[in-house]
Amino acid sequence: MKVLLDTHLLLWAAGALDEVDPGGGLSGAAVALIDDPAHALMFSAASIWEVAIKTDLGRPDFRVDPHLLRRGLLDNGYEELAITAAHAAAVSGLPKLHKDPFDRLLVAQATVEGVVLLTSDATLGAYGEIVRTV
């Protein structure tokens, strides 16, 4: 199964949030899905874009170099998912369940690509079986 991680799960998986929220982290269910060798892990260019923007804004939960994050994900076997016009157009067909444009793009990408979006955001779970909340 191909699994697209949302931005926060990527940051947790990369260890980038350990200093900001030492009590948080990946749930056991998330770790099990990420560590399962039967799953091909993916990250979106939208997540790297989100990290770049929010890092520049000084958000404490986004204090990570987007270049290093991308390189580390690739070095650890994650597949990069580019943003296509089909992904952008698919956002228009989504129900207005979530306001974050990055998250909506991730849902659209998962839908178009036929992969599972893994998230800890319960609101995204309302998009149905394409989203797995952990």
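When reading the values below, keep in mind they use all heavy atoms of this one structure, side chains included, and skip hydrogens, waters and symmetry mates.
Hydrophobic clustering keeps L10 apart from L68 (ILVMFWY residues linked when any side-chain heavy atoms are closer than 4.5 Å, directly or through intermediates). Hydrophobic cluster membership is shared by L26 and F43, with clusters built from Ile, Leu, Val, Met, Phe, Trp and Tyr side chains linked at under 4.5 angstrom. Transitive grouping of hydrophobic side chains (ILVMFWY, heavy atoms separated by less than 4.5 Å) brings M1 and V134 into a common cluster. Under the 4.5 Å side-chain heavy-atom criterion for grouping Ile, Leu, Val, Met, Phe, Trp and Tyr, L94 is connected to L124 within one hydrophobic cluster. A continuous path of Ile, Leu, Val, Met, Phe, Trp and Tyr side chains, each step under 4.5 Å between heavy atoms, connects L118 with I48, placing both in one hydrophobic cluster.
With respect to V115, the side chain to side chain contact (heavy atoms under 4.5 Å, CB included) criterion is satisfied by exactly one of E79, Q109, K2: K2.
In this view, A52 and P66 satisfy the side-chain contact (heavy atoms from CB on, under 4.5 Å) rule, not counting sequence neighbours. Take D75 and apply the salt bridge (Lys or Arg N to Asp or Glu O under 4.0 Å) test, not counting sequence neighbours, and it matches R71.
A 4.5 Å side-chain heavy-atom check between S44 and L4 finds at least one atom pair inside the cut-off. No side-chain heavy atom of F62 sits under 4.5 Å from any side-chain heavy atom of L57. With a 4.5 Å cut-off on side-chain heavy atoms, R104 and K96 count as touching. Inter-residue side-chain proximity for L74 and E80 is flagged as met; some heavy-atom pair is nearer than 4.5 Å.
G125 approaches T133 most closely through the heavy-atom pair CA-OG1, 3.5 Å. When all heavy atoms are compared, the tightest approach of L5 to A13 is CD2-CB, 4.4 Å. Minimum heavy-atom separation, A89 to S92: O-OG, 2.7 Å. For T7 against V51, the heavy-atom pair with the smallest separation is CG2-CG2, 3.8 Å. Of all non-hydrogen atoms in V131 and Y127, the two that sit nearest each other are CG2-CB, 4.0 Å. Minimum interatomic distance between L117 and V107 (heavy atoms only, all atoms of both residues): CD2-CG2, 3.8 Å.
For the residue pair Y78 / R70, no side-chain donor-acceptor distance below 3.5 Å is found, with atom types taken as modelled.
At a threshold of 4.0 Å, the pair K99-D121 does not count as salt-bridged, since none of the basic side-chain nitrogens sits closer than that to a carboxylate oxygen.
Taking the ring centroids of H8 and F102, they lie at or beyond the 6.0 Å cut-off.
Proximity of a side-chain donor or acceptor of T55 to a complementary backbone N or O of V64 within less than 3.5 Å is detected.
To the nearest 0.5 Å, atom CG of residue L105 and atom NE2 of residue H98 are 13.0 Å apart. The distance from atom CG of L9 to atom OG of S27, rounded to the nearest 0.5 Å, is 7.5 Å. For the atom pair NE2 of H87 and OG1 of T111, the computed distance is 9.5 Å after rounding to the nearest 0.5 Å.
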Output a table of donor-acceptor pairs, distance under 3.5 Å, between side-chain atoms of residues 30-39 and any protein atom two or more places apart or on a different chain; print 'none' if there are none.
from : atom 1 : to  : atom 2 : distance (Å)
D36  : OD1    : A38 : N      : 2.8
H39  : ND1    : L33 : O      : 2.8

